[in-house]
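First the structure, in the form of structure tokens, and then the observations on it.
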Amino acid sequence: MKLQALREEVASLHQELPRNGLVAWTSGNLSGRDADSGLVVIKPSGLKYGELTPESMVIVDQDAKLVEGEYKPSSDTASHCYIYRQMPEVGGIVHTHSPYATAWAAVGKEIPCFLTAMADEFGGPIPCGGFAPIGGEEIGREVVRTLEGQTSPAVVMQNHGVFAVGKSPEEAIKAAIMCEDVARTSFLATQLGTPVPLSDKDIARLHKRYTTEYGQ
Ligand SMILES: [Zn+2]
């Protein structure tokens, strides 16, 4: 029953990716981990976003072995599973080639923390991971290595795109959306001049306020 709810959640949250301009055609993917069974619900490979239904989602175990599904899972499945195995606190992972964040990835640069919105959400820069080949768990290894010791829940992977993690699939989507938003503003700022840095102290204060006091 809970796995069925996760299937529905992951299928419907996929629609946030095209809705927020984060993906083109069939690129990008989202997964969620069921806390009780540890099973992972992930996008089928090569299906269009409009075709995704709860039934078309693929279920794999944490070693990326197929448990249930009529389609092949996303080509990034082994990397998602690697991240889940290494990061027990993670319950959702999103991958996109969203244009502004991926432009930073193409030049192999982290996104520096110039903005209060970025300090709030990311608590520092969005780091850039090294290039890794697609298809196995190499990307996952590089994501885990790059996120270690960072407050950011998102990473831009060199020459590739964004990986974002969260306690839930919805949190991971939020991180991917905010990553693209701050990547765009930071890019625009660099076209106008040299962005004014935020001090580490201000970044830490903003992040603490946002994560402990903001909201209802
Ligand atoms: Zn990709």
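In each ligand, atom 1 is the first atom listed, and ligand 1 is the first ligand listed. Any value given below was found using the heavy atoms of this structure, including those in side chains, with hydrogens, waters and symmetry copies removed. Remember, predicted model here, so these are calculated numbers, not experimental data.
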Run the salt-bridge test on E137 and R85 with the 4.0 Å N-O cut-off and return the result as yes or no.
yes

Go through the structure and list residues passing side chain to side chain contact (heavy atoms under 4.5 Å, CB included) with F131, not counting sequence neighbours.
Q158, N159

Total protein N/O/S atoms whose distance from the Zn ion (ligand 1) is less than 2.8 Å:
3

Salt bridge (Lys or Arg N to Asp or Glu O under 4.0 Å) against E142, all qualifying residues, sequence neighbours excluded:
R145

Would you call E213 and K208 a salt bridge, taking side-chain N to carboxylate O under 4.0 Å as the test?
no

So ring-ring contact (aromatic ring centres under 6.0 Å, His included) across residues 150-184, not counting sequence neighbours, yields H95-H160, H95-F163, H97-H160

For atom CD of E170, decide whether the heavy atoms of other residues, nucleotides or ligands shown that lie under 6.0 angstrom number more than 12.
no

